[in-house]
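Read the numbers this way: they start at 1 and go in the same order the structure lists the ligands and their atoms.
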Amino acid sequence: MNNRQLFLQHVAQTTDAPLALEIVKAAGMYMWDADGKQYLDLIAGISVCNVGHCHPAVVTAIQEQAQQYMHLLVYGEFVQSPQVSYAKLLTDHLPDHLNCVYFTNSGAEAVEGAMKLAKRYTGRPEIAAFNRSYHGSTQGALSILGDEYFRNAYRPLLPGIQHLEYNNFESLELITVNTAAVIAESVQAEGGVIVPQREWIHALRNKCTATGTLLILDEVQCGLGRNGTLWAFQQHGIEPDILILGKALGGGMPLGAFISSKEIMWSLTHAPILGHITTFGGHPVNCAAGKAAFQALLNENLVKDVNAKGALFLQHLKHPRIKAVRSLGLMMAVQLESFEVNKKTIDYCIAHGVLTDWFLFASDCMRIAPPLLITEEQIIEACKVICEALDQI
Ligand code: PMP
């Protein structure tokens with residue numbers, strides 16, 4: 001059997017139609033398959049490789065830290081300089097009150113930790129989340145998932161969860177003094193890039209403040225520069241009580257985090273009740289990699305041009321078969337006539353060396369979320385292939 005057949009036989013899949021492309025090398029904006037075919041990456045491993053694949057500074061940081069030490073002891077016991085210096089760097093670039101970082105292995109684990117933290121801090125039983133939201137696949141994250149159909153198969157789920165409508169003012173009435181936290185994506189990603197209206201997200205912030213409810217913003221997908229500012233919440237002019245990060249946070253290595261004030265975070269850690277425990281969360285090699293990626297994002301000024309690059313995509317994504325493009329910076333959903341048309345377009349693009357896919361809750365939309373270093377020429381080339389696909393299929 002070849003590798004592809006072995007993959008299908010022995011590696012568990014997440015869908016019944018995996019892409020099953022075998023990539024043997026990746027660097028910057030590109031990937032190469034076993035036949036040497038080159039792919040321009042328009043999805044960055046789903047918003048992970050914001051500074052590009054195998055950034056040299058990230059690779060060096062991984063090598064150096066791996067030679068120094070890897071796992072020492074469960075999270076939070078030893079002083080580990082990669083964790084300390086990355087936490088310091090992140091909090092230096094966040095609002096003053098977001099000054100305490102709990103590192104996890106993944107986005108979903110950060111979501112779990114944040115929900116537990118909100119319950120401990122407020123002593124309240126309920127969590128509110130939004131329809132069309134995705135926060136991860138663990139049982140708690142699944143319970144707040146914004147799609148009834150996807151949730152149903154796994155009942156019983158967590159009790160005390162309320163689902164609200166994003167960008168809907170009336171929904172905010174459901175937030176009460178029993179609500180520990182509202183969790184929202186700063187821009188809904190898997191819903192097909194739904195950007196919150198400014199007045200609405202301010203009303204959400206105000207309602208949380210008025211009811212003593214914590215506002216948790218999930219920026220696993222939209223954080224770290226993708227929307228044209230370092231943090232997506234800066235686009236809206238509000239601040240969360242708890243911020244959730246993942247994906248690009250590890251620069252290509254697994255790393256998540258939930259971040260709050262020291263005062264709020266303390267409620268999760270103080271004895272005698274067990275707080276949140278992880279063996280590998282904040283792994284020193286992953287923190288070293290993440291810190292190097294974050295520094296590259298700053299040093300190379302990658303966030304500065306995100307909006308201009310997004311605008312260039314919009315300018316070149318003109319085709320009668322494109323029904324709409326929803327976007328903020330380099331996070332875009334290109335809406336086509338149907339899933340079938342989208343799938344054929346994506347297949348054509350991949351066959352012609354441009355890697356893209358669709359969204360979990362918007363299967364008629366093509367995803368464009370490339371590494372932030374994409375050049376003008378690469379944007380024009382990608383749009384040409386997409387429009388050509390729409391002419392051909
Ligand atoms: N939140 C959002 C907004 C996400 O997009 C994702 C992953 N797609 C997660 C949380 C979960 O992250 P992970 O897959 O690392 O558990």
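Look at D391 and K384 and you find no salt bridge, because none of the NZ, NE, NH1 or NH2 atoms lies under 4.0 Å from a carboxylate O. Remark: E148 engages R155 in a salt bridge, criterion side-chain N to carboxylate O under 4.0 Å. By the 4.0 Å N-to-carboxylate-O rule, E337 lies close enough to R321 to be salt-bridged with it. The existence of a salt bridge linking D147 and R151 is excluded, since no basic side-chain nitrogen approaches an acidic carboxylate oxygen closer than 4.0 Å.
The contact set between ligand 1 and Q221, taken as ligand atoms under 4.0 Å from a residue heavy atom, comprises 4 (C), 5 (O), 8 (N). The atoms of ligand 1 that sit less than 4.0 Å from any heavy atom of V220 are 1 (N), 2 (C), 4 (C), 6 (C), 9 (C), 10 (C). Taking a cut-off of under 4.0 Å to the non-hydrogen atoms of A108, the atoms of ligand 1 that pass are 11 (C), 12 (O), 13 (P), 16 (O). Using a 4.0 Å cut-off to heavy atoms of S106, the atoms of ligand 1 that qualify are 15 (O), 16 (O).
At under 3.5 Å, not a single nitrogen or oxygen of G136, backbone or side chain, sits near a nitrogen or oxygen of ligand 1.
Judged by a 6.0 Å distance limit and a 45° cone about the ring axis, R132 is not positioned over the six-membered ring of F361.
Considering only non-hydrogen protein atoms, atom 8 (N) of ligand 1 sits nearest to K247 NZ, 3.0 Å. At the top of the distance list for atom 2 (C) of ligand 1, counting protein heavy atoms only, stands Y134 O, 3.3 Å.
The heavy-atom pair separating K247 from I46 by the smallest distance is CD-O, 3.0 Å.
With a 4.0 Å heavy-atom cut-off, ligand 1 is reached by no atom of E190. At a heavy-atom distance under 4.0 Å, no atom of A189 approaches ligand 1.
Between the SG atom of C287 and the CG atom of L89 there is a distance of 11.5 Å, given to the nearest 0.5 Å. For the atom pair CG of L42 and CD1 of I346, the computed distance is 10.5 Å after rounding to the nearest 0.5 Å.
The shortest heavy-atom distance from D218 to ligand 1 is under 4.0 Å. Heavy atoms of E185 approach ligand 1 to within less than 4.0 angstrom. A heavy-atom separation below 4.0 Å is not found between E219 and ligand 1.
Atom 16 (O) of ligand 1 is approached by the protein to below 4.0 angstrom, counting heavy atoms only.
Between Y75 and Y102, the ring planes lie tilted relative to each other; the angle falls in the 30° to 60° range.
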